[in-house]
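Report on the following structure.
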Amino acid sequence: MILKKYLYSPRNMFTGVISSSLTIVKSLIRRKYGFEKSITLNYPIEQYHYSDRLMGMPELVLNEKGKSLCTSCDLCVQICPTKCLELKGEVGKEPKLFSLSLSDCIFCGHCEVVCPDKAITMGNNHMLTGHKEEVLRLDFSEWKKLSSRQ
Amino acid sequence: MSLSLLNKLGKYLSPIIVEEIEEGGEIYFDKNEISLLLSHLKSEFEFLVLLDICAEDLLGKKNAEERQSHRYEIVYHLLNLEEHTRLRVRLPTDGVEPILSVREVFLNGDWYEQEIWDMYGIKFSDQSDLRVLNHQSFIGFPLRKDFINESNGSTQEPYDFFDEQESVQVVERGLRSIVNIGPVHPITRGSVRSIFELDGEKIVRNKFEIGYTHKAIEKIFEEKTWTTGILLAEQLSDQSPFLSSLAYVNAVEKLYDLEIPDRAMALRMVFSELSRIVDHLNCIGELSLSSGNETILFKCLDLRERIYELFEKATGSRTKANINIIGGLSLDLPIGWIADCIIHIDYIEDNLLMLDKLLTRSKVWMARTNVCKITSHMALEYGLSGPSLRASGINYDLRKASPYYFYNDVDFEIPLGVNGHCYDRYLVRIEEIRQSLKIIVQVLDNLPFGDCVATHPLTELFHAKSPQQFSTAEDFVKNKITPPSKRIYSSIEAANGELGFYLISDGSSKPWRVKVRAPSFTHIQVLAQVLPGLILDDALVGFSSLNITPGELDR
């Protein structure tokens, strides 16, 4: 499909000015009388609602007593592409050390996919900020506190 | 594939055997006259386009073929546009004697050869010592298998291109002045340094220094398993990561000889067209920004936001949509997504009309963008692809030429430009957005039912019904199901042009070599040729009209 020839001939100034000013006036009127919504959000008052599938911070899944379901099988650490997880502990028991570095995490969700115990899941929390790098490094107890209970 | 062409070629090259492979033909050529062979192939058999040159280090390779007794192998990828046939010429070498250069036969061979010198230390005849992607003071050749990093990492000194230049700031020297822009990308999308030598306002000479965002993706690929490589492939493009991961996943699926279900194919088409729209909108926005038209940029960003919303609903992340897995898609569409998609498509179509009214045929816009003419001859010589090639009037689109998925069954047209100006590239992109919307509606109308994931041991984890077991998860993590020892080139039509992956597998869980054929790498070469004679402002317009993405340029 060769592009139409008229696309290459400049329109004359008159029609150009009229058509472009019409577009502007039209959109101004539509905006003014509420036919068209504003593109931006009035941020702190209105907030964007993400869907349920949002890949936020990885969270631990806890049982009723507040214990993690993790059995220290080390698979999530092996698959993690940025090596942001660290785990130490005996296989079959709750880990002694399990930390997450949020400054390295790219929220790919691989850890959730491979976990055979379903002990880790991608949460909805996406507002992750901190003043120092240490704040973004969560150790086991801090991570448990931030995770929601099942 | 066209047998007759390969048969003719086989008769012509008589002692050399032309093997038939999936993508076309393969020649194993162990003599030194490579430039002679390629110029014959170009003139007699119309292999007009050099897609890529890449090298492979065979040190310590398992399952190596018997004839591979040399240490390195150089591979030339050629393309015949008329017959849609690809040809691979493999040239073994020890890396001691310089190889005859092909930069006089194919003009874009120059940078590819320079890159091989940079990465492998293999010399071509009459070649300078300039490095392309690494810094000049870098020690060693990183893609060799026995490479040990000896650089201390503190290579901050900027390198000067023009010999007589002393400082990077503006230097007045008689009538001529040297202007340095960057290393920030002119439209701030990454880092490319450009240096112009100006006579008054006209550009006399120009150079581009790339490699500021070199992430060593091809080296890291060799340390990751086939499955985790998808995340690396996504880093190639900042606007359409879905397309770059699709190119990789598609190549790996060919390697595994894995067929994906119909629904996954259809959904991949929908997502890839959505990403194409995002990329084109972003390109038009940048083009308008660089020609002083900020309003259009914000309109484009608004339209882009709509598609990001769709991606977020379907995949869980706005830009880096990590939904592609080997063997299909990891998630099916959520309920109500199709209705949302159709509403957004409607909105985009309406607003495209508005863009049209404001820009197309506008006198100011045309005067501003009628620069950087790339003739069709030049486009072929430099191996351009994608919208930039079609704007020069050459009808080549992989979606039509060698259709993958259901592109054969949907009804769409390929817009072709006339002059090869930036204005043509703008027109082609606007029209392609319309065609993409058309494709999406057609696919969504006839969306097949069924699973999104193929039934294969590799994808067992993604079947929701099967109970999760430790052994299957461990198989997935360690990538125990390995592909056969094979080499494969597979490409798709990405937003910028032909994005190809040349994969070499040695039968283990990690790739032996991954080479990315990035379209931007050729586009920036042609831009360097076109710019002399234009004014400095036009350089930015040309830069953004070719949609040069530093992510895939530097890799």
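Sequence lines set the chain letters: A, B, ... in the order given, protein chains first and strands last, and positions in each chain run from 1. Worth saying up front: this structure is predicted, and the values here are computed from it rather than measured.
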Determine whether more than 12 heavy atoms belonging to other residues, nucleotides or ligands lie under 6.0 Å from atom [atom1] of [X].
X      : atom1 : answer
A:K88  : NZ    : no
A:K96  : NZ    : no
A:E142 : CD    : yes
B:K357 : NZ    : no
A:E46  : CD    : yes
B:I335 : CD1   : no

Which one, [options], leads in non-hydrogen pairs under 4.5 Å with chain B?
options                    : answer
A:G16, A:C76, A:S27, A:P81 : A:P81
A:K26, A:R11, A:M122       : A:R11
A:N12, A:L7, A:D52, A:T23  : A:L7

> In terms of heavy-atom proximity below 4.5 Å to chain B, should A:Y48 be classed as side chain, backbone, both, or neither?
Replying inline: side chain

> Relative to chain B, which segment of A:S9 carries a heavy atom at a distance below 4.5 Å: side chain, backbone, both, or neither?
Replying inline: both

Side chain, backbone, both or neither of [X] within contact of chain A (heavy atoms, under 4.5 Å):
X      : value
B:T295 : neither
B:R318 : side chain
B:Y423 : side chain
B:E223 : neither
B:K224 : side chain
B:E309 : both
B:K320 : neither
B:V364 : neither

> Counting heavy-atom pairs under 4.5 Å to chain A, which of B:L232, B:L301, B:L331, B:N479 comes out on top?
Replying inline: B:L331

> Among B:S317, B:G393, B:S362, which has the most heavy-atom pairs under 4.5 Å with chain A?
Replying inline: B:S362

>> By the definition side chain to side chain contact (heavy atoms under 4.5 Å, CB included), identify the one residue from B:I230, B:N322, B:L231 that meets it with A:H110.
In response: B:L231

> Which heavy atom of A:L75 sits nearest a heavy atom of B:V477, and at what distance?
Replying inline: CD2-CG2, 3.9 Å

> Closest heavy-atom contact between B:K478 and A:Q78?
Replying inline: CE-OE1, 3.5 Å

> So which of B:T360, B:D424, B:N370 actually passes side-chain hydrogen bond (donor to acceptor under 3.5 Å, both in side chains) with A:Y8?
Replying inline: B:D424

> Rounded to the nearest 0.5 Å, how far does CZ of A:R53 lie from CD of B:E312?
Replying inline: 10.5 Å

> Side chains of B:R361 and A:P10: closer than 4.5 Å at any heavy-atom pair?
Replying inline: no

